[in-house]
Each structure stands twice: as structure tokens, then as C-alpha cells.
Amino acid sequence: MSRIIMGIESSCDETGVGLVRLHDDGTVELLADEVASSVEQHARFGGVVPEVASRAHLEAMVPTTERAFEKAGLALSDVDAIAVTAGPGLAGALLVGVSAAKAYATALDVPLYGVNHLAGHIAVDTLQHGPLPAPCLALLVSGGHTQLLRVDDIASGITELGSTVDDAAGEAYDKVARVLGLPYPGGPPIDKAAKNGDPAAIAFPRGMTGPRDAKNDFSFSGLKTSVARWVEGATRRGEEIPVDDVAASFQEAVADVLTMKAVRAAKEQGIGTIVISGGVAANSRLSSLAAERCAAAGIELRVPRPRLCTDNGAMIAALGAHVVAAKLPTTPLDFSANPALPVNVVSLS
Amino acid sequence: MLVLAIDTSTPAVTAGVVAVDESGVETRGDRVTVDPRAHGELIMPHALAADEAAGVSLKDLDAIVAGVGPGPFTGLRAGMATAAALGHALGLPVYPVCSLDAIAADVAAGETAFLVLTDARRREVYWAAYDASGHRTEGPAVQRPADLETDVKVAAGDGAVLYAGVLDVRPIEPRFPSPAGLVKAARAELLAKEPPAPLTPLYLRRPDAAEPSAPKRVTTP
Ligand SMILES: [Zn+2]
């Protein structure tokens, strides 16, 4: 008998409620994916303001849930299990989703699973491309995370190979956008400007690629500073800033390092599949360069469609479905959200 | 009617099942823990424990009453999100109550006006003023205790204990909202079976956030 899993996400600035059907053969089908975003309220601050995000989550939680059930044509009583993001993320934001999830699970008398947001970004790909081959390699890139992960089992076997030592890739996009006078969030406007620019116009540094640097770690702080320095220099010389060229050259540096490291790690570990997910996965240069390099290396590339890559409830529902299918223990009702939940903890028990 | 009362606006994590009718309110079971960091962990388990102590299940409830603050933001939302989701899932009305009114409802009837003060952190208090019959006459507001100009010398709430010296007030019970106090504060609406007002938190403060200035220079001029 198939089961309905509800997923609740509130780790950053999106309130997400997703519904999926876990079929007996282990496949997971997307039924609803409703998101309420507070991104516009953060725009003038140039980054997510935790208190603003938390307030928006509380306001949006029940209405977003109602919309998800309406879209799926289901009643709350149809739910068989609930998964909620337990971390990592903003403490106050996580608390809203976790509190609501505990209440829904108790009132509906169904099992509750506190799950890992990062693992959700990988699990979401199964909604589009089917079961994940084991092992596979995941590159998570967003405003909050930049990580290279080995996935042996989506429900219980995730190992971090490397992560950023400073800024997340998406953060670098936001900061460079500000330097260039482009709006927040920086990903889409930089991607758009880059399309008209020359990626080879300026040789920006490739962080953490020296012979002594940790192979699987990333650094974007130096790149961001170097873009700012270049722009300041040009301004001082009275030159007009070639925004398109700067954007293209910056984007090339980001995509180059991310894809080079992901493909190298996959080859070294003998892994035949790379999944790229997270908000930055929607970046056109990242996906085209990844496709090129994966094809050259004989590696299968899986990138969920942009809607699934950004934070949403469907990814948490999908991960919950895999945790349910693996018959893992439920999470006790008195658990607390963990803003620094490590990626190897896929579900709390 | 049976009401589940929830409040997380103070360091107390408060849940209780209260029976209410024309003759008054009666607490059937409650569970309260004073721990300002445990709201998210404990409020739902406490609501269940209160049900158990009362010998009822969630399905026996007729309504929910939730304290909507004012209260330090993060903890306050744990109780409100819990109440909102329970109300949705159980199909129950959720009645918002100013948490200071819930404290006031438990102040023994007397002959003097009084204040209710709770800890707003950052050396401020949330406060409201009440007349001798317990009706709110001023507030709720948030202020530094030293800036609070009042002749009232009697105050309930944990803020009264914390700042008794600064304020020159005599602290009286209770310190935190109780399930019975929450239900008393919503009693008229509950018994009239009025549709509840929107479940909106009383934040009283704007979020801390500054709009960015021009990007910092990274080169020396
Ligand atoms: Zn994310």
C-alpha cells in the first residue's frame, strides 16, 4: 500500500510544504510543492534577516499547508508520516517548522521524522530522475551551503568530502552583485549579465586550487574580494565598469572550481553519477560546464529542475519517504532543531 | 467546554486542559516547565502530558487558547506555531489572548489598580496596566523600566520581580500566565462561540535589521 508523506521546510527564507506518495516499489511521486517566500522582504537588507524570516514562517505555515493539500486533492487525514527540517539552518526559522510539524504529527497521530535539510537537497532529485544509484556524488551549492558529498544511501549513508571554508557560493554571488550594483539575490542578475559578457575578460583567482590546498574544500571569499578590488581599481581610473564581463568572468571562476572539484572527486572515488542541487544549481554556466566535463569524464550528471533545487517542502517530503522506506526509527517528540546539524545525520532518532 | 491553553511568551513553557462554563473555569491537568530555552522542545510534549493528566485526548477538545505575547520573539513562536497547527489539524478554533491579560486574570481581586510586567530581555519590560477589577487600561507596550512613569505600586509578572527596585513596585503573584488565566482571559469569546480573532503575535518591536551602506572598500585609497 502506498503511503503519503508530508514534508515541512523552514530553515531559511522559504516556508515549504510538500506532499509525496511513496510507492511500494520505493519510488517517490511528487503530489504537491507549495512555497511561501519572504525573499522580497529581505531584498533591501541585502541578505536574509533571521527575525524577518521567522515572522514570515509563522504567518505562512498553516496557509501553505492548506494550499499543498488543496493542490494534491488530499485531506490532512490522508497523511501517513511527516518529515520536517531539523537543521541545519536559522534557529528561529527552524523552530517554527519543527513546532508545527510536532503539532501536526501529534494531532494526526502519525510518525514524525526530523531530517537533514542538506540531504533533502539530494533526495529531491529522485522525484524527477528516479532512484539514486549508489554511490553517487552530490554537489550542493546555494546561498547557505557549498558542499561535496558522497552518498552511499540517501536515508543513512552521507559523508562529507569537503565544504567551503568561508563563504557559500551563493553568498559570493550576492556580494558580487552588490559590488556591481545588481539586485539581491545576486544569482539570477549575474547569470543574466554574464550571458552578454566575456568569461575570459578578467582572470579572477580559482580559490583552494593550489597544490597544498584541501582538494575537496572550497573558498569564495578571495574571489569576492578580488572582484571588488578590480571594480574599485577601474572606478579609480575613471573607467566605466564592464558589468557583463565582470559577471561572466566571476561566474566562470565559480563554475570552473565547482565542476573541476566535483568531477575530480567522482573520478578518484570511482563514482559514476554526480547530482548538483541547491539554489545555485539553477545557474546556467554551472550546469553547462558540469554537463561538458561530466560528458568528457563519462559521468552521468543529474540536475533537478530549478523549482526543485531551491528550498522547498517537496525535498523534505522526498527525504522523509526514503527514511520511511528504510524503516528508520522515528524522532521523539521532544527533539529540538539543530542549526548546525552535520550532514551525516540524515534523520534524528 | 474543554480548552487546551498554551503559552510560551515567558520563560515558562505552559500547557493545560481547562474546563470552562458559565460558572467559571477549572484546570483539569497542566504541565509547566520554567526553561527559556526549551519552548520548542517541550511545548507539544507538555500539551500531551496535560491531556493525559486531565484524562482526555486531543480529540475531546472544543477549542484552543494561545498566548500571543508580548514575548521575546523566538520562544513565543514555538507555542503559537503549535497552537495554529493543532487548530488546523483538529479543526478547532484557536483564540488569541494577550499573555499579560492572562497573568492579570490570575491576580486576586482587590481594591487597587496593578501592573503586569514581563521580561522583554535587553533590559526592557513588556507591561500593561489594569484597574482594580482587572480591566486593561494601558498597554501592552515595551519600555526600559526606568522610563515607565506610573503611580501604581503593585505589579504581577516576572518583570516585577526582576525590576522591583528600579520600579519601586511590590511584586505580587502570579509570575507567569497559567492555563486557567489564559482561558479566563478568553472566556467571553469562548462561551459566546465567537469566531476567533486572527492569531497574530504581539511583537511590539521591529526586527533588528539595518539596510546596508555602500560596499566596504577592499583596497586602500
Ligand atoms: Zn537549502
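Because the structure is predicted, anything quoted here is derived from the model rather than measured. Lettering of chains follows the sequences in order, A, B, ..., and the numbering in each one begins at 1. We use all heavy atoms of the structure for the numbers below, so side chains are in, but hydrogens, waters and symmetry mates are not.
Within 6.0 Å of CG in A:Asp109 there are 12 or fewer heavy atoms belonging to other residues, nucleotides or ligands. Sparse packing is recorded around CZ of B:Arg144, with 12 or fewer heavy atoms of other residues, nucleotides or ligands lying under 6.0 Å away. Residue-environment remark: CD (B:Glu52) stays at or below the threshold of 12 foreign heavy atoms within 6.0 Å. The environment of CD in A:Glu59 is sparse: at most 12 heavy-atom neighbours from other residues, nucleotides or ligands sit within 6.0 Å. Surrounding CZ of B:Arg31 are at most 12 heavy atoms belonging to other residues, nucleotides or ligands under 6.0 Å away.
Among the candidates B:Ala47, B:Ala81, B:Pro207, the residue making the largest number of heavy-atom pairs closer than 4.5 Å to chain A is B:Pro207. Per-residue heavy-atom pair counts under 4.5 Å with chain B were compared for A:Gly92, A:Ser77, A:Ser54, and the maximum is reached by A:Ser54. When each of B:Met44, B:Lys59, B:Arg206, B:His39 is checked for heavy-atom pairs under 4.5 Å with chain A, B:Met44 comes out on top. Between chain A and the residues B:Thr74, B:Thr82, B:Leu199, the most heavy-atom pairs under 4.5 angstrom are made by B:Thr82.
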Full working for salt bridge (charged side-chain N to carboxylate O under 4.0 Å, His left out) between B:Arg77 and A:Glu51: CA-CA 11 Å; B:Arg77 279 188 288 262; A:Glu51 176 60 21; 2.9 Å; yes
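Residue B:Pro198: no heavy atom, backbone or side chain, is found under 4.5 Å from chain A. Only the side chain of B:Leu48 has a heavy atom closer than 4.5 Å to any heavy atom of chain A. Neither the backbone nor the side chain of B:Ile43 comes within less than 4.5 Å of any heavy atom in chain A.
No donor-acceptor pair under 3.5 Å is formed between the side chain of A:Lys102 and the backbone N or O of B:Pro45.
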